[in-house]
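Accompanying notes for the structure given below.
When a ligand or atom number is given, it counts from 1 through the structure's own listing order.
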Amino acid sequence: MVKSEKIPTVSGWHFRIKLSAVAVFRDPSFFSLNGGWQADGKGPSIWDTFCLEKGRVFGEQNGDEACNSYELWEKDLECIQQLGLTHYRLSFSWARLLPDGTTRHVNQKGVQYYNKVIDDLLACDVSPMVTLYHFDLPQALQDQGGWKSAGTATLFNDYAKFCFQTFGDRVKLWITVNEPYVCAKLGHEDGLHAPGIKEPGVAAYLVGHNMLRAHAMAWHSYNSFYRTKQKGAVSLAINSDWLEASVAGCAEDVAATERQLAFTLGWFAWPVFVTGDYPKIMRSAIDAQSEKFGRSGGSRLPSFSKDEPAVLGTADFFALNYYTSRKVEAGGGCGEVLSMKSDRDARDVLDPSWPICGVSWLAVVPHGLRKLLKYIKDTFNNPAVYITENGFSQVGQLQIEDVQRSEFYKDTILEVAKAIQEDGVNVRGYFAWSLLDNFEWADGFSVRFGLFHVDFADARRGRTIYRSGREYAKIISKFQCGQSK
Ligand code: NOJ
């Protein structure tokens, strides 16, 4: 477990707060090297395949080069130092290390690359937080059923053990799976993310289940074989909006909000932190719909087997990705088709007073983060929390002087400070998303989340700090950031 007493309380900006970390960004080598998703022995991932299909990604763009951090890592390190970060979150590409997804063949070039990144970070006094899985399954495993197949969890465990063994002497903070909700729902219910599967009401539950199994196996492997020596901490990054009833006090909206929470945050947090099983209201809603549709053959929501490592208790801290808030009202579940939407029978609405920043799904609601942090404290027995992602997007005309994003970071970090100081939430770190503008999945390069702008039209991929990057550096310089462990 991460220990709080070793984190100094500091005189911070606006408030006396404990805050240890900052900044995040996805695997630099997610696709990377010039024209070369296969460069240096990397195997293809499901996102490489997805990008090749017409109409999947904005402007038919792809991540073959993206920020080209595979070649330009030193430039990224300069950005990290310019911001004064104490921690840096990056994601490994499974297919770069194990091209066919199995330990039968290890790509030594990939190992060398990540060794260099980790060693360079540590030499600059920056602690890495490494994510093992960030949406990009090796295509070879997708060809064998992907996350719908129970065996993928076992292969993930092998991959995780390989990473703990190879890098765990230096990496002390691990995330197994990033945003299982997004992988399951967008990738297997809506078909908007790779692998582009649309099997509403069925596949996402299976995928989420196998991801939880994969996470639990990896946590147990770390616990049994590496923890004593390596003394690190392992969790999974759960994304959640803050949700509240559209009409406070309206019983239907309150119930819909509970259902919506159960189907998002609860889906992954309940098994790990509370009961070892899915929220009851999730299962009963799914089973009631199955009955209504005359579907037989057992629950569409799988059950955890007693013969496998328990999922309960497999997080050393709560890793939260927070971007926005939603009001919820009852309804939306009366369609003709079996789907997750009809199962949860709840509808999201945006409060018109919340400004939208860039992408349509991202309403700016910094106080929602404080409320969510308090909810996590109260519901999950006051865990140590890392905010593993939070950010603000820009679309359209490039604005280097991005005043709004600067204000967003100030306001949000202030809310985190209040959560710590006034609500007693045990927040250990905050990672902004993200260091660089990057390939934003189905939105390609049209959406920019970076603290540094990347010129994707320039072969050198020049990095330019945004005003928000400068402001962010000032904010975090006010904290005396200490050891996170
Ligand atoms: C969460 C994902 O982890 C990250 O990859 C993505 O870019 C951000 N959300 C913004 O959409």
Handout entry: Side chain proximity check, T102 to L155, heavy atoms < 4.5 angstrom
Key = yes
Under 4.0 Å from a heavy atom of [X]: which atoms of ligand 1 are those, numbered in the order shown and with their elements?
{"X": "W361", "answer": "11 (O)"}
{"X": "H134", "answer": "2 (C), 3 (O), 4 (C), 5 (O)"}
{"X": "Y323", "answer": "8 (C), 9 (N), 10 (C)"}
{"X": "F449", "answer": "10 (C), 11 (O)"}

Practice task
Give the ring-plane orientation class for Y133 versus W94, where under 30° counts as parallel, over 60° as perpendicular and anything between as tilted.
Solution key: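 Answer is perpendicular, since the angle exceeds 60°.
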Exercise for the section: Determine the interplanar angle of the F156 and W147 rings, folded into 0 to 90°, and report it as parallel if under 30°, tilted if 30 to 60°, perpendicular if over 60°. Expected result: tilted
Problem - Test: R405 cationic atom under 6.0 Å from Y466 six-membered ring centre, within 45° of axis - result: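 That pair qualifies as a cation-pi contact.
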Problem - Charged tip of R89 within 45° of Y386 ring normal and under 6.0 Å - result: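 No; the conditions do not both hold, so R89 does not lie above the ring face of Y386.
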Practice task
Heavy-atom distances under 4.0 Å are what count here, so tell me which part of N178 touches ligand 1: side chain, backbone, both or neither.
Solution key: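 For N178, only side-chain atoms sit under 4.0 Å from ligand 1.
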Handout entry: Heavy atom of F439, distance to ligand 1 below 4.0 Å
Key = no
Handout entry: N or O contact, W441 vs ligand 1, cut-off under 3.5 Å
Key =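 There is such a contact, yes.
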Practice task
Determine, for E244 against K371, whether the closest basic-nitrogen to carboxylate-oxygen distance falls under 4.0 angstrom.
Solution key: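 Yes.
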